[in-house]
Amino acid sequence: QVKLVESGGGLVQAGGSLRLSCAASGRIFSYYAMGWFRQAPGKEREFVATISWHGGNTVYADSVKGRFTISRDNAKNTVYLEMNRLKSEDTAVYYCAASIQRGVTAVVLPSEDYDYWGQGTQVTVSS
């Protein structure tokens, strides 16, 4: 089992920044891609960003491209989401997820292809 724990959420004014972290622990034996998703009240969960195990490949949703940056530190088993120029529409619960046995370069977009999920962290952007 792999456990994922997000942190770093909170309340921020529009235009501000937050940095989310997701720490992985447990039986991590294989290469795994990581992703961030979010779910706003009354809306479906949506893809935000993904990063390959080696960190060289990333993909972003159009809505966050140029404002958010995903990164990872494999020595710490931690993935980050740097969020800048936040907007009110970024308000949501943010979840990190791990997709195991994907190899070194794979990125993963579909939520159904992720094996483990964190409990989520709330991000609220006030306008």
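Sequential numbering from 1 along the given sequence is applied to the chain's residues. Quick caveat: nothing in here was measured; it's all calculated off a predicted structure.
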key: Stepwise side-chain contact (heavy atoms from CB on, under 4.5 Å) test for E89 and T91   = CA-CA 5 Å; E89 51 263 45; T91 294; over 6 Å; no
request  = Carefully, step by step, assess V93 and R38 under the rule side-chain contact (heavy atoms from CB on, under 4.5 Å).
outcome  = CA-CA 5 Å; V93 177; R38 66 186 182 186; over 6 Å; no
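- In terms of modelled atom types and a separation under 3.5 Å, the side chain of T50 and the main chain of L109 share no donor-acceptor contact.
- No chain of hydrophobic side-chain contacts below 4.5 Å, direct or via other Ile, Leu, Val, Met, Phe, Trp or Tyr residues, connects L4 to Y80.
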Name the atoms and distances for all side-chain donor-acceptor pairs under 3.5 Å in residues 53-62, with sequence neighbours left out.
residue, atom, partner, partner atom, Å
H54, ND1, S52, OG, 2.8
H54, ND1, G56, N, 3.0
H54, ND1, V104, O, 3.4
N57, ND2, T105, O, 2.8
Y60, OH, I70, N, 2.9
D62, OD1, K65, NZ, 3.0

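- In the hydrophobic clustering of ILVMFWY residues, with side-chain heavy atoms under 4.5 Å counting as a link, L20 and F68 come out together.
- Between the OG atom of S127 and the CG atom of L86 there is a distance of 12.5 Å, given to the nearest 0.5 Å.
- Note on L18 and W36: same hydrophobic cluster, where clusters join Ile, Leu, Val, Met, Phe, Trp and Tyr whose side-chain heavy atoms are under 4.5 Å apart, directly or indirectly.
- In this structure, A92 and A40 approach most closely via the heavy-atom pair CB-N, 3.8 Å.
- Remark: R85 pairs with no residue by the salt bridge (Lys or Arg N to Asp or Glu O under 4.0 Å) rule, at least two apart or across chains.
- In this structure, F47 and S111 have side chains that are not in contact, with every pair of non-hydrogen atoms separated by 4.5 Å or more.
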request  = Applying side-chain contact (heavy atoms from CB on, under 4.5 Å), run through K76 and N74 and close with a yes or a no.
outcome  = CA-CA 5 Å; K76 297 181 179 179; N74 288 341; over 6 Å; no
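- A continuous path of hydrophobic side-chain contacts links I51 to V2 [ILVMFWY only; heavy atoms under 4.5 Å].
- Nearest heavy atom pair, residue Y32 against residue A24, reads OH-CB, 4.3 Å.
- Without hydrogens or angle criteria, D90 side chain to K87 main chain gives a donor-acceptor distance under 3.5 Å.
- Atom OG in S99 sits 6.0 Å away from atom CG in D113 (nearest 0.5 Å).
- Of the possible donor and acceptor atoms, none in the side chain of Y94 sits under 3.5 Å from a partner among the backbone N and O of Q39.
- Of the possible donor and acceptor atoms, one in the side chain of E6 sits under 3.5 Å from a partner among the backbone N and O of Q119.
- In this structure, Y95 and W117 have perpendicular ring planes: the angle between them is above 60°, well past the 30° mark.
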task = Report the C-alpha separation of T69 and L81 in whole Å, then their side-chain angles, then the decisive distance to 0.1 Å, and conclude whether the side-chain contact (heavy atoms from CB on, under 4.5 Å) test is met.
result = CA-CA 6 Å; T69 302; L81 186 68; over 6 Å; no
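- Taking 4.5 Å as the limit, some side-chain heavy atom of M34 sits within range of a side-chain heavy atom of C22.
- Contacts classified as disulfide (SG to SG under 2.5 Å) and involving residues 39-85 (residues at least two apart or in different chains) are not found.
- Linking Ile, Leu, Val, Met, Phe, Trp and Tyr whenever their side-chain heavy atoms come within less than 4.5 Å leaves Y114 and V64 in two separate clusters.
- Neither side chain, D73 nor T78, offers a donor N or O lying under 3.5 Å from an acceptor on the other.
- Between the D115 side chain and the I100 main chain, a donor and an acceptor come within less than 3.5 Å of each other.
- Between the side chains of T124 and Q122, at least one donor N or O lies within less than 3.5 Å of an accepting N or O.
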